[in-house]
Amino acid sequence: MKPFSGCDFYQMDSLLSEDEKMIRDTIRDFISKEVIPIIEKHDREGTFPKQLIPKFAELGMLGATIKGYGCAGLSYTSYGLIMQELERGDSSLRSFVSVQGALSMGAIYMYGSEEQKEKYLPGMAQGKIIGCFGLTEPDFGSNPGGMITRAKKVGNEYILNGNKMWITSGGIADVAIVWAKTEDNVIRGFIVDKGTPGYTTTDTHGKFSLRASVTSELHFQDCKIPVKNLLPNVEGLKGPFGCLNNARFGIAWGAIGSMMAVFDEAKEYAKSRIQFDKPIASYQLVQAKLANMMTEITKAQLLALQLGRLKDQGKAKPYHVSMAKMNNVSEALKMTRMTRDILGANGITDEYQCGRHMRNLESVNTYEGTEDIHRLILGEYITGIAAYRVN
Ligand code: TGC
Ligand code: FAD
């Protein structure tokens, strides 16, 4: 198989440092050798390739931007490139790494006590402790502020009651970061260890999307958490949203990986598929589709790279991240459908990647803020009016 070369129409490589290119190429090689050969089977069987976790750790992907605690301490741009390559393999893998690093380790790193950081982060960086992040509930998705999960303080414990839904890695997690309201109605973060009495999980089956990812419900019934498991350094929705800023950033990059995977597939197929005595790539309508794809990849790369540079300079705001997450995932989804079209009937089989990426991106377009929620975040930035609620 020829090595995957991505798509670099605007010579974006010239804007990357040697280190950044080296990191990108290392992960690209890993995906080609160890993920592409197995991912179709995992997608078909609905299983997460757990055997890859030590490799993610060895390659420094888990908590990649965290400094200390055995983490790689990479720049956000390097982290973005890792997410791009991972999602070229499958969104499920990027999802696992996002949740482990940006959401679970990120919450402990940003809001935890020193004791909590020492206890969890090194093991999480090594992939020996798996994390999940419970914000969404059955009745509160886009509006997490309405959550009904409660944490009542009794002596030296908090008693958790409630349910979280659609939680990536929930069923395999050793530790859950759970957001709940205390008696004074303030949202706080809690570290809940697997095996704590009153904490159970149920995996979600029948998904057509992210089939190689574990998605679960978390149930808390009079689950007693020691006070020392409260994340002490944040209160309110800005806690979970602070973690989401980093995870959404990773998704904006990851979507480019899916785009590059299907563009490559569309291009190769169009050159080899003969109809009316010529490769279909000879026809103007097919070329127009390929030209649109390359244009959207290039635009997505420019958005992601400038966002990465802003983030590395500490200048990226949440609304900057929203634009890149919204645009890149939405365009990636369109591109998977366009590839499916170019592949004709072959495009509906899992022998080709476009269907798998398309199914995955349906979730990616919804989680971490739906496409329209990010559009509304931009609307609020432009007008100063928050349109999430009808007043
Ligand atoms: P709002 O009143 O606007 O804000 C409440 C407080 O939060 C602060 N804040 C932020 N802080 C940091 N970063 C951000 N991005 C922030 N956005 C808001 C804000 O300043 C305020 O702070 P304070 O101090 O005044 O209290 O909140 P709202 O309830 O009106 O919500 C607005 C809205 C709709 C934008 C928000 O709720 C939203 O983003 N909804 C989407 C929900 C979401 O993204 N859920 C994600 C769940 S996790 C997940 O999907 C993981 S998938 C993982 C995978 O597999 O990859
Ligand atoms: P809803 O909020 O019910 O939205 C439904 C529709 O209504 C959408 O089109 C939305 O854009 C629209 N809508 C909602 N409000 C408005 C409004 N004010 N104005 C205009 N339109 C609006 N959550 C976690 O906490 N942790 C995880 O690890 C996690 N992993 C996930 C993994 C998968 C595979 C999936 C699919 C989801 C995951 N989620 C996770 C949940 C995800 O974050 C939510 O699905 C998402 O926030 C949307 O919530 P919802 O599904 O309840 O949709």
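Heavy-atom basis, side chains included; hydrogens, waters and symmetry copies ignored. Just follow the structure's listing: the first ligand is 1, and inside any ligand the first atom is 1.
On a distance-only criterion, Arg94 and ligand 1 share at least one N/O pair closer than 3.5 Å. Looking at ligand 2, you'll find an N or O of Thr370 within less than 3.5 Å of one of its N or O atoms. Checking only distances, Asp372 never comes within under 3.5 Å of ligand 2, N or O to N or O.
With hydrogens left out, the protein atom closest to atom 15 (N) of ligand 1 is Asn245 OD1, 2.8 Å, a heavy atom. Protein heavy atom in closest approach to atom 47 (C) of ligand 1: Thr136 OG1, 3.6 Å. Of all protein heavy atoms, the one closest to atom 55 (O) of ligand 1 is Ser95 OG, 2.5 Å. When hydrogens are left out, the protein atom nearest atom 5 (C) of ligand 1 is Leu237 CB, 3.8 Å; that is the closest non-hydrogen contact. Looking at atom 11 (N) of ligand 1, its nearest protein heavy atom turns out to be Lys238 CB, 3.6 Å. Remark: minimum distance from atom 16 (C) of ligand 2 to any protein heavy atom is reached at Ile373 CD1, 4.2 Å. For atom 2 (O) of ligand 2, the nearest non-hydrogen atom of the protein is Ser142 OG, 2.6 Å. Nearest protein neighbour of atom 28 (P) of ligand 1, counting heavy atoms only, is Arg389 NH1, 4.0 Å. Atom 41 (C) of ligand 1 has its closest protein heavy atom at Ser142 O, 3.6 Å. Atom 17 (N) of ligand 1 has its closest protein heavy atom at Phe241 CD1, 3.4 Å.
Inspection of the Thr370 and Asp372 side chains reveals no N or O donor paired with an N or O acceptor under 3.5 Å. Side chains of Gln116 and Tyr111: no donor on one and acceptor on the other come within 3.5 Å. With no hydrogens or angles considered, no side-chain donor-acceptor pair links Gln100 and Ser104 at under 3.5 Å. Checked by atom type, the side-chain pair Ser209/Asn360 shows no donor-acceptor distance below 3.5 Å. A donor-acceptor contact closer than 3.5 angstrom is absent between the side chains of Arg356 and Thr336. In the model, Tyr120 has a side-chain atom that pairs as donor or acceptor with a side-chain atom of Asp193 under 3.5 Å. No side-chain donor from either of Asn245 and Lys311 sits under 3.5 Å from a side-chain acceptor of the other.
Annotation for Ile274: atom CD1 counts as buried by contact number, over 12 foreign heavy atoms lying within 6.0 Å. In the displayed structure, Glu45 atom CD is contacted under 6.0 Å by more than 12 heavy atoms of other residues, nucleotides or ligands. Other residues, nucleotides and ligands place no more than 12 heavy atoms under 6.0 Å from the CD atom of Gln11.
Residues Asp19 and Ser78 form no side-chain contact, since every pair of their non-hydrogen atoms from C-beta on lies 4.5 Å or further apart.
Listed by number with element, the atoms of ligand 1 under 4.0 Å from a non-hydrogen atom of Val99 are 53 (C), 54 (C), 55 (O). Here is the list of ligand 1 atoms found below 4.0 Å of a heavy atom in Gly369: 41 (C), 43 (C), 44 (O).
Among Leu376, Thr168, Ile177, the residue whose heavy atom sits closest to atom 28 (O) of ligand 2 is Thr168. Within the set Glu368, Glu235, Arg248, Lys325, the minimum heavy-atom distance to atom 39 (O) of ligand 1 is found for Arg248. Relative to atom 38 (C) of ligand 2, the option among Trp166, Phe133, Trp179, Tyr388 with the closest non-hydrogen atom is Trp166. Comparing heavy-atom distances from atom 47 (O) of ligand 2 across Gly141, Ser213, Ala173, Ala386 singles out Gly141 as nearest. Looking at Val390, Thr136, Leu244, Leu210 and measuring to atom 23 (N) of ligand 2, the nearest heavy atom belongs to Thr136. Evaluated by nearest non-hydrogen atom to atom 45 (O) of ligand 2, the leading choice among Thr215, Val99, Leu135, Thr366 is Thr366.
Within the 4.0 Å heavy-atom criterion, both parts of Ile167, backbone and side chain, lie near ligand 2. Proximity of Tyr388 to ligand 1, defined as any heavy-atom pair under 4.0 Å, is confined to the side chain (atoms from C-beta onward). For Leu103, every heavy-atom contact with ligand 1 shorter than 4.0 Å involves the side chain, none the backbone. With a 4.0 Å heavy-atom cut-off, ligand 1 is reached by the side chain of Leu244 but not by its N, CA, C or O. Here Ile377 has side-chain heavy atoms under 4.0 Å from ligand 1, and that is the only part of it that gets that close. Contacts between Arg389 and ligand 2 below 4.0 angstrom, taking non-hydrogen atoms only, are absent altogether.
The aromatic rings of Phe249 and Tyr76 sit perpendicular to each other, their planes meeting at more than 60°, with 30° as the lower class boundary.
Using a 4.0 Å heavy-atom cutoff, Gly145 is absent from the residues neighbouring ligand 1. Contact between Ala247 and ligand 1 is absent, with no heavy atom of the residue lying under 4.0 Å from the ligand. In this structure, Pro144 has a heavy atom closer than 4.0 Å to ligand 1. Judged by the shortest distance from any of its heavy atoms, Glu380 lies outside the 4.0 Å radius around the atoms of ligand 1. The shortest heavy-atom distance from Gly141 to ligand 1 is under 4.0 Å. Ligand 1 is never approached by His374 to a heavy-atom distance shorter than 4.0 Å.
We find that Arg188 and Glu235 are joined by a salt bridge, their nearest charged nitrogen and carboxylate oxygen being less than 4.0 Å apart. Using a 4.0 Å cut-off between charged nitrogen and carboxylate oxygen, Lys33 and Asp29 count as a salt-bridge pair. The pair Lys317-Glu380 does not meet the salt-bridge criterion, since no charged nitrogen lies less than 4.0 angstrom from a carboxylate oxygen. A salt bridge links Glu371 to Arg375: one of the charged nitrogens lies within less than 4.0 Å of a carboxylate oxygen. Ion pairing between Arg359 and Glu362 fails under the 4.0 Å rule for side-chain N and carboxylate O.
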For residues 147-155, which side-chain N or O atoms pair as donor and acceptor with protein atoms under 3.5 Å away, sequence neighbours left out?
from   : atom 1 : to     : atom 2 : distance (Å)
Thr149 : OG1    : Glu137 : OE2    : 2.5
Arg150 : NH1    : Met147 : O      : 3.3
Arg150 : NH1    : Ile148 : O      : 3.4

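Taking the ring centre of Tyr199 as origin, the terminal cationic atom of Lys194 falls outside the region bounded by 6.0 Å and 45° from the ring axis.
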